[in-house]
Amino acid sequence: MINIPSNIINGQAVKGAETPFTVIDPATGEGFAECSATSRAQLDEAVAAATEAFKTWQHTPDAELQAILHKIADKIEANAAELAEIVVREQGKPMALAQMEVGGAVAWTRYAAEQEIPVKVIEDSPERLVELHRKPVGVVGSITPWNWPLMIAVWHVMPALRTGNTVVIKPSSMTPFNTLRLVELINEVVPAGVINSMSAERGIGSAMSGHPGINKIVFTGSTPTGQSIMRNAADNLKRLTLELGGNDAGIVLEDADLDKLAPAIFQTSFLNMGQTCAALKRLYVHESQYDELCQRLSGIAQEQKVGGGLEEGVTFGPVQNKDQLELVKELVEDARNQGANILCGGEQLPGAGYFYPPTIVAGVDNSARIVQEEQFGPVLPVVKYSDLDEAIAMANATDVGLGGSVWGSDIERARKVASQLECGTTWINNHAEVLPHCPFGGCKMSGFGVEFGEEGLLEYTQVQLLNISRG
Ligand code: NAD
């Protein structure tokens, strides 16, 4: 049994003013707890608290901000078991993966703590000294999705706090508790109002994106929601970082070493049951390797133990929610009806919960919906190609561009192919790897702005030029 955390506004635990909503455990399909729902008036209170706290928080000396972030990391570490259990209950992933998510949250927090905010000297001459400084933007609104809820909250919150901003965060209503608990823990370390939490089923995210007191929105989620946020944000010209959906392609070249690469292709496609923004979602395989690779992927899929995330030995959890499950089922059925060959999986498991085993779809045409749409679930469509230029064209023929990969032994050749992919990150012989020091973001309709590294940190700042005349 997990303890249900509270919303925090201005350092105080508050009860949501709206009717609570039910949070579902995807392993049972049943509600397991009620979450308090905050109102528009409470959003105003949270923004007012964050605005007030910003007046002093923005002047916190750098060394103090760094020490505070390390204290937050200590708190996450000390409460790791509880946070991991919350993630499993509401998100569904197997415990080992939830523990990795909590470990990642600690690592990313410590990385942000150690980051430096640069001052760039633009001119140092007898006439003048010109320096480019970075200042916080003010109140940051963070809106997060349900797939890696704790990790993504940390990705938003830590660089915001590190650069002297204050925060109002709203998690997905499907996975709210990990974030509410995180905000409780952070409030044990920071002054009142520095970070505040909202939770509601609908409306609050939209109210945040239009709120005149919020200066920036950092959003991770689907492209249509990102578009809505961008429209709402126009009124007070909010700064935006939009990490949106993708439909990442991987291209397997003739010389790929399948002994080595097949397990990595499987792992990076089905990470978090495929519910990862930059998971490999469409695979283009040269005809000389096609049958062999499909068989190997199907073999690995069938070795997975599918079950509830709290069960011993489970390697593959449920789909997080019913809508996502229904979309996956619909897209696989569509491919089946068009004559695709479902090598394994392909049916929801009987019984309670949203279980759908890892599914490899072979013999599928590039035009099928399962290839063209972001299925965001445990399915990998594998498309055969004979001409490399054609494979590159198919990989690029989409309006999104988050990540892409090339798999082969000749690295120089793979590099040439990677350079032709239209996406924010290209991997060679890997996919879906994100690192705290490597900027990550999408192009085309996968959004703009980056997270991580110095570039990611600086998204939470605005520039101020200092020009000292020496004339
Ligand atoms: P979603 O867009 O439905 O919801 C994301 C968040 O936005 C939730 O908190 C939701 O309550 C809120 N929201 C919904 N409507 C809103 C509105 N009109 N205004 C403001 N906020 C609103 O996305 P999801 O289903 O939770 O997540 C899955 C999607 O997220 C996939 O498309 C996936 O690719 C994408 N994603 C992208 C990244 C990335 O880094 N690029 C990472 C993870 C997930």
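Read the numbers this way: they start at 1 and go in the same order the structure lists the ligands and their atoms. For clarity, every value in this text was computed on a predicted model and none was experimentally measured.
Heavy atoms of S228 found under 4.0 angstrom from ligand 1 belong exclusively to the side chain. At a heavy-atom cutoff of 4.0 Å, ligand 1 is contacted by the side chain of I229 but not by its backbone.
Legend: residues meeting side chain to side chain donor-acceptor pair (under 3.5 Å) with Q58, ordered by chain and number and at least two apart, are absent. Annotation: salt bridge (charged side-chain N to carboxylate O under 4.0 Å, His left out) contacts of E82 (sequence neighbours excluded): R181.
For atom 20 (C) of ligand 1, the nearest non-hydrogen atom of the protein is G205 C, 3.1 Å. Among all protein heavy atoms, the one lying closest to atom 36 (N) of ligand 1 is C277 CB, 3.5 Å. Here the protein heavy atom with the shortest distance to atom 11 (O) of ligand 1 is K170 NZ, 2.9 Å.
Within a 4.0 Å radius of atom 4 (O) of ligand 1, the protein contributes no non-hydrogen atoms.
The distance criterion of under 3.5 Å between nitrogen or oxygen atoms is not met by S173 with respect to ligand 1. Below 3.5 Å of separation, one finds an N or O of T144 facing an N or O of ligand 1.
For atom 15 (N) of ligand 1, the nearest non-hydrogen atom from the set T225, L244, T276, L242 comes from T225.
Atom NZ of K305 has more than 12 heavy atoms from other residues, nucleotides or ligands within 6.0 Å.
Every heavy atom of P224 sits 4.0 Å or more from the atoms of ligand 1.
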